Asker: 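A single structure is presented below for examination.
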Amino acid sequence: MPDVSPDIDLIRSQLVAWYDAHARSLPWRAAFGAARTEPYRVWLSEVMLQQTTVPHATPYFHAFTTRWPTVSDLAAAEDAEVMGAWAGLGYYARARNLLACARAVAGEHGGVFPDTEAALLTLPGVGAYTAAAVASIAFDRAANVVDGNVERVMARLFAVETPVPAARPELRRLAGLFVTDERPGDWAQALMDLGATVCRPKSPSCGTCPVASECLGLATGDPARFPMKTKKADRPHRRGAAYVLIDDQGRIAVETRPEKGLLGGMLGLPTSDWTTGEPVAAAPVEADWRDAGAVEHVFTHFSLTLAVMTARVDADGPYRWMPIEAARAALPTVFAKALDRASAPDLFG
DNA sequence: AATGCGTGGCA
DNA sequence: TTGCCAAGCAT
């Protein structure tokens, strides 16, 4: 490794110049020459992009901004509308907090987003990253915006050998060396764009990198090995059942899941417990059950084999009955898969 | 501070 | 096919 340190000012100027030429056109960014993007759109996009890819989030961003053009519109929405609109995007606590945040902005801030990092940080679902991102991008305030992209770029620029997550404080400190009052929002987005398009997790494109000359990671000959990572624990496997009760009007039984925990606050199908041991075969009601087969699904911290059981019944019991298509649209993916399995030809014969 | 929390795309 | 992972947050 060369016995030099990356030139902070040089990196700043070269990366901002690169951003001026290569910034991605994204639906939540103001068109060139337009006024600064609405804080509402910045905040909404940042929440949707937490642990989520741009292609996955994009149609949801369009759907939300069309249906709820302002934060006050969103604040006035019903819980079930918002949770249903988020279905399929994952990490559903984000949707619960999104609505709580919109209502806080509407109710406690007169419908106007607070414009400081500290005030933003008090809002539901707004953590260190999102507060800094909104403060810098929407309000041009100097803020240390550190996401996974920024961590990776810093780990490579400085060839940080400490594995994440232990290295996080050091990576944050390094990112802070670049923060100034000069175009803070553009700096943050330049760094994240670089991470997303050039300094990618796998096969970084160092040949087109505007700051390659300053990168200690590249100088080691193997920049892709940064950031170092500690091995994750293996994902356990669970088994369980989901029950599709269908009545004579083509409606199915659904329930709203508890606020906390997996798929919290979302619409769901009746289920058994999902366990690592032998599955518990206790149907929720007496009926002529048919085995529709199983679906596989992978959550962050466990994988699941879900047996799908179907039965025709009279609408009754502790459930809500919804037309099958309306339910399909509002269910999280694991249950949408189960419903699709239950709806396969002949299963309701 | 370690853990719980989704999904879909890709090598 | 299987693992890895993508703009984190709450507790």
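Everything numeric here is computed off the predicted structure, so don't read it as measured data. Because only heavy atoms are used, hydrogens play no part in the values below, and waters and symmetry mates are left out as well, while side chains stay in. Quick note on labels: first sequence line is chain A, next is B, and so on, each numbered from 1.
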Asker: Let me know the distance between CD of A:E117 and P of C:dG8, rounded to the nearest Å.
Answerer: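 Whole-Å distance recorded here is 16 Å.
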Asker: Would you indicate what A:L304 reaches in the nucleic acid, counting non-hydrogen atoms under 4.0 angstrom: base, sugar-phosphate, or nothing?
Answerer: nothing
Asker: Could you check whether A:R239 makes a cation-pi contact with A:W274, meaning its NZ or CZ is under 6.0 Å from the centre of the six-membered ring and within 45° of the ring axis?
Answerer: no
Asker: Below the 4.0 Å mark, does C:dG3 have OP1 or OP2 next to a side-chain nitrogen or oxygen of A:K232?
Answerer: no
Asker: Rounded to whole angstroms, how far apart are NZ on A:K231 and P on C:dC5?
Answerer: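 About 12 Å, once rounded to whole Å.
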Asker: Tell me the interatomic distance from A:E296, atom CD, to C:dT1, atom P, rounded to whole angstroms.
Answerer: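 Going from CD in A:E296 over to P in C:dT1 covers 11 Å.
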Asker: Using every non-hydrogen atom in the two residues, find where A:A143 and A:A132 come nearest and quote the distance to one decimal.
Answerer: CB-O, 3.7 Å
Asker: Under 4.0 Å, heavy atoms only, any strand: does A:S203 hit a base, just the sugar-phosphate, or nothing?
Answerer: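 Touches nothing.
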Asker: Between C:dT11 and B:dG6, how far is it from one P atom to the other, in whole Å?
Answerer: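 Between the two P atoms, the distance is 14 Å.
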Asker: Tell me the interatomic distance from A:W43, atom CH2, to C:dC9, atom C1', rounded to whole angstroms.
Answerer: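 Atom CH2 in A:W43 sits about 14 Å away from atom C1' in C:dC9.
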Asker: I need the NE2-C1' distance between A:H301 and B:dC5, as an integer number of Å.
Answerer: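 That distance rounds to 6 Å.
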Asker: Do A:R183 and A:D20 sit within salt-bridge range, that is, some charged N less than 4.0 Å from a carboxylate O?
Answerer: yes
Asker: Could you run through nucleotides 6-11 of chain B and give me one letter per nucleotide, 5' to 3': B if any protein heavy atom sits under 4.0 Å from the base, S if only the sugar-phosphate is that close, - if neither?
Answerer: BBS---
Asker: So, A:D340 and A:S343: side-chain donor and acceptor under 3.5 Å apart, yes or no?
Answerer: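 No, A:S343 and A:D340 have no side-chain donor paired with an acceptor closer than 3.5 Å.
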Asker: Relative to the 5' end of DNA chain C, which residue comes earlier, A:D193 or A:L123, by the nucleotide with the nearest heavy atom?
Answerer: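 The answer here is A:D193.
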Asker: Report the distance from atom CZ of A:R24 to atom P of C:dA6, rounded to the nearest whole Å.
Answerer: 13 Å
Asker: Under 6.0 Å from the six-membered ring centre of A:F302 and within 45° of its axis: does the NZ or CZ of A:R238 meet both?
Answerer: yes
Asker: Could you check whether the rings of A:F61 and A:W28 sit parallel, tilted or perpendicular, using 30° and 60° as the cut-offs?
Answerer: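 Ring orientation of A:F61 relative to A:W28: perpendicular.
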Asker: Between B:dC5 and C:dA6, how many Å separate the two P atoms, rounded to a whole number?
Answerer: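 Looking at atom P only, B:dC5 and C:dA6 are 22 Å apart.
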Asker: What's A:A196 touching, base or sugar-phosphate or nothing? Going by heavy atoms closer than 4.0 Å.
Answerer: nothing
Asker: What's the CG-P distance between A:D147 and C:dC5, to the nearest Å?
Answerer: 15 Å
Asker: Does some side-chain heavy atom of A:H297 sit less than 4.5 Å from a side-chain heavy atom of A:K337?
Answerer: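 Yes, close enough: below the 4.5 Å cut-off.
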Asker: Can you check the A:K229 NZ to C:dC4 P distance for me, whole Å?
Answerer: 10 Å
Asker: For A:P124, report the nucleic acid contact type (base, sugar-phosphate, nothing); a contact means any heavy atom under 4.0 Å.
Answerer: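 The residue A:P124 makes sugar-phosphate contact but no base contact.
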Asker: Quick one: do A:R168 and A:E151 make a salt bridge, cutoff under 4.0 Å?
Answerer: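 A:E151 and A:R168: salt-bridged.
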Asker: Between A:R173 and A:E170, does any NZ, NE, NH1 or NH2 come within less than 4.0 Å of an OD or OE carboxylate oxygen?
Answerer: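 So A:E170 pairs with A:R173 through a salt bridge.
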Asker: Pick out which of A:H237, A:E296, A:R235 makes a side-chain hydrogen bond (donor to acceptor under 3.5 Å, both in side chains) with A:S303.
Answerer: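 Per the side-chain hydrogen bond (donor to acceptor under 3.5 Å, both in side chains) rule, the option paired with A:S303 is A:H237, out of A:H237, A:E296, A:R235.
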Asker: Expected output is a numbered-order residue list: members of residues 58-86 of chain A with a heavy atom under 4.0 Å from any atom of DNA chain B. What is it?
Answerer: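 Residues of residues 58-86 of chain A under 4.0 Å from DNA chain B: none.
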